[in-house]
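First up is the structure itself, then whatever we jot down about it.
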Amino acid sequence: RGGDIYILNRNRSYVRIDTAGNRTEMHTGLSDQSAIEALNDDRVLITQADALYAVSPDGSLEKMISGGLAAPHDMVINSNGDVFIASTDDNSITRYSNGTLSRFVAGINKPYGLAVDVNDDLIVTSFGDNSLLRVTPDGTVSVIAADLSGPTDVLMDNAGHYIVSNAMSNEIVSIDAAGTQHILVD
């Protein structure tokens with residue numbers, strides 16, 4: 001948020017790099033951290049095993065949920081403040097909204113990476129199906145692109161293209177609205 005970059009370390013901490021390039025490391029004490037997302041109130045959310053924590057700037061932890069996640073791999077926050085988490089081992093996307101955890105959509109084969117577009121649609125990499133999916137706010141799933149190669153992460157550029165990392169081919173591809181892939185890095 002605000003242009004800052006957040007990086008999870010496996011050694012029970014995360015690093016924040018602000019827009020001026022200043023680096024701050026925050027120790028969380030959480031092992032097996034898997035995803036991080038910044039909130040507008042200067043806290044960050046971190047998934048660990050099957051739990052979701054909020055970490056305050058002073059380092060204090062608040063357990064938001066315990067249980068209900070299955071190998072969380074990524075998370076995003078939509079414009080309403082709802083948190084969506086890719087639960088890779090149970091092939092679902094979980095939503096945390098107003099203190100309640102619920103399964104938002106199931107049947108996505110190994111969801112890994114998540115992004116949110118301007119319409120609040122979730123953009124999901126399906127590692128198991130080698131595809132990029134769109135999930136509308138009502139839970140409708142459609143394919144944006146197929147024939148990827150182990151897609152693990154996704155983001156959107158300013159032109160509305162999807163930037164996807166393919167783990168199996170060691171490529172980063174750009175995918176346009178028509179689903180056409182262009183290799184950016186191989």
Side-chain angles (χ1 to χ4, degrees), residues 6-10 14 30-38 44-53 64-78 82-97 100-117 119-157 160-186:
Y6 293 83
I7 304 165
L8 272 181
N9 287 325
R10 291 289 180 186
Y14 69 89
L30 299 172
S31 61
D32 299 323
Q33 302 173 130
S34 57
I36 188 168
E37 186 70 27
V44 296
L45 294 177
I46 294 178
T47 57
Q48 178 217 27
D50 69 346
L52 177 66
Y53 289 87
M64 307 295 284
I65 58 172
S66 181
L69 301 176
H73 199 275
D74 199 5
M75 77 175 128
V76 293
I77 302 171
N78 72 4
D82 296 337
V83 179
F84 294 88
I85 303 165
S87 286
T88 303
D89 281 358
D90 72 357
N91 299 316
S92 70
I93 306 294
T94 303
R95 177 174 44 204
Y96 181 74
S97 179
T100 302
L101 185 70
S102 62
R103 179 165 290 153
F104 178 62
V105 65
I108 296 176
N109 193 354
K110 301 293 181 199
Y112 268 55
L114 298 174
V116 177
D117 71 12
N119 299 315
D120 264 348
D121 292 341
L122 290 179
I123 308 303
V124 182
T125 59
S126 173
F127 187 87
D129 286 335
N130 290 309
S131 60
L132 184 65
L133 308 174
R134 172 179 287 108
V135 183
T136 61
D138 69 1
T140 303
V141 179
S142 60
V143 176
I144 296 170
D147 300 322
L148 297 172
S149 184
T152 57
D153 207 357
V154 60
L155 60 87
M156 298 190 65
D157 69 11
H161 297 109
Y162 309 101
I163 310 301
V164 177
S165 59
N166 279 323
M168 304 308 286
S169 63
N170 295 316
E171 296 173 333
I172 297 175
V173 296
S174 172
I175 302 171
D176 63 25
T180 305
Q181 300 177 40
H182 306 278
I183 297 174
L184 298 177
V185 178
D186 62 359

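Being a predicted model, the structure only gives us computed values, none of them experimental.
Between Q181 and D176, the closest side-chain pair of non-hydrogen atoms is not below 4.5 Å. V173 is listed as a side-chain neighbour of I183, based on a closest heavy-atom distance under 4.5 Å.
Closest approach of Y53 to M64, counting heavy atoms only: C-CG, 4.1 Å. Looking at every heavy atom in both residues, E37 comes nearest to M75 through OE1-O, 3.1 Å. Here the closest non-hydrogen pair linking P151 and S131 is CG-O, 3.8 Å. Shortest non-hydrogen contact noted between S126 and L133 is CB-CD1, 4.0 Å. Nearest approach of M156 to D117, heavy atoms of both residues: SD-CB, 3.5 Å. For the pair D82 and S97, the tightest heavy-atom approach, listed with the atom from each and the gap, is OD1-OG, 2.7 Å.
Distance check, rounded to the nearest 0.5 Å: CD1 of I144 to OG1 of T125 gives 10.5 Å. Rounding to the nearest 0.5 Å places OH of Y162 at 4.5 Å from CD1 of I123. One finds the NZ atom of K110 at 9.0 Å from the CG atom of D90 (value rounded to the nearest 0.5 Å). The distance from atom CD1 of I36 to atom CD1 of I46, rounded to the nearest 0.5 Å, is 4.5 Å. For the atom pair CZ of F104 and CZ of R95, the computed distance is 5.0 Å after rounding to the nearest 0.5 Å. In this structure, Q33 CD and L8 CG are separated by 5.0 Å, a value rounded to the nearest 0.5 Å.
The backbone N or O of Y14 lies less than 3.5 Å from no partner atom in the side chain of N9, so there is not a single donor-acceptor pair. The backbone N or O of N166 sits nowhere less than 3.5 Å from a side-chain atom of S149 that would complete a donor-acceptor pair. One N or O on the side chain of T88 and one on the backbone of P111 form a donor-acceptor pair closer than 3.5 Å. In this structure, the side chain of D138 engages the main chain of T140 through a donor-acceptor pair within 3.5 Å. Distance alone, capped at 3.5 Å, is enough to place a donor-acceptor pair between the S34 side chain and the P72 backbone. For T47 (side chain) and A35 (main-chain N/O), a donor-acceptor pair under 3.5 Å exists by modelled atom type. In this structure a side-chain-to-backbone donor-acceptor pair under 3.5 Å is missing from D50 to A70. Although no hydrogens or angles enter the test, the distance criterion places no donor-acceptor pair under 3.5 Å between the side chain of E171 and the main chain of L184.
Remark: D157 CG is packed, more than 12 non-hydrogen atoms of other residues, nucleotides or ligands lying under 6.0 Å away.
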Inset, instruction - Please step through side chain to side chain contact (heavy atoms under 4.5 Å, CB included) for the pair V116 and L122, ending with a clear verdict. - result: CA-CA 5 Å; V116 177; L122 290 179; 3.8 Å; yes

Inset, instruction - Determine, stepwise, if the pair I108 / V135 fulfils side chain to side chain contact (heavy atoms under 4.5 Å, CB included). - result: CA-CA 10 Å; I108 296 176; V135 183; 4.2 Å; yes

Legend entry - Full working for side chain to side chain contact (heavy atoms under 4.5 Å, CB included) between I175 and L148: CA-CA 10 Å; I175 302 171; L148 297 172; 3.9 Å; yes

Inset, instruction - Test side chain to side chain contact (heavy atoms under 4.5 Å, CB included) on V124 and V105 and set out the steps. - result: CA-CA 11 Å; V124 182; V105 65; over 6 Å; no

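The aromatic rings of H73 and Y112 sit tilted relative to each other, their planes meeting at an angle between 30° and 60°.
Shown are T152, D153, N170; of these, the side-chain hydrogen bond (donor to acceptor under 3.5 Å, both in side chains) with S165 is made only by T152.
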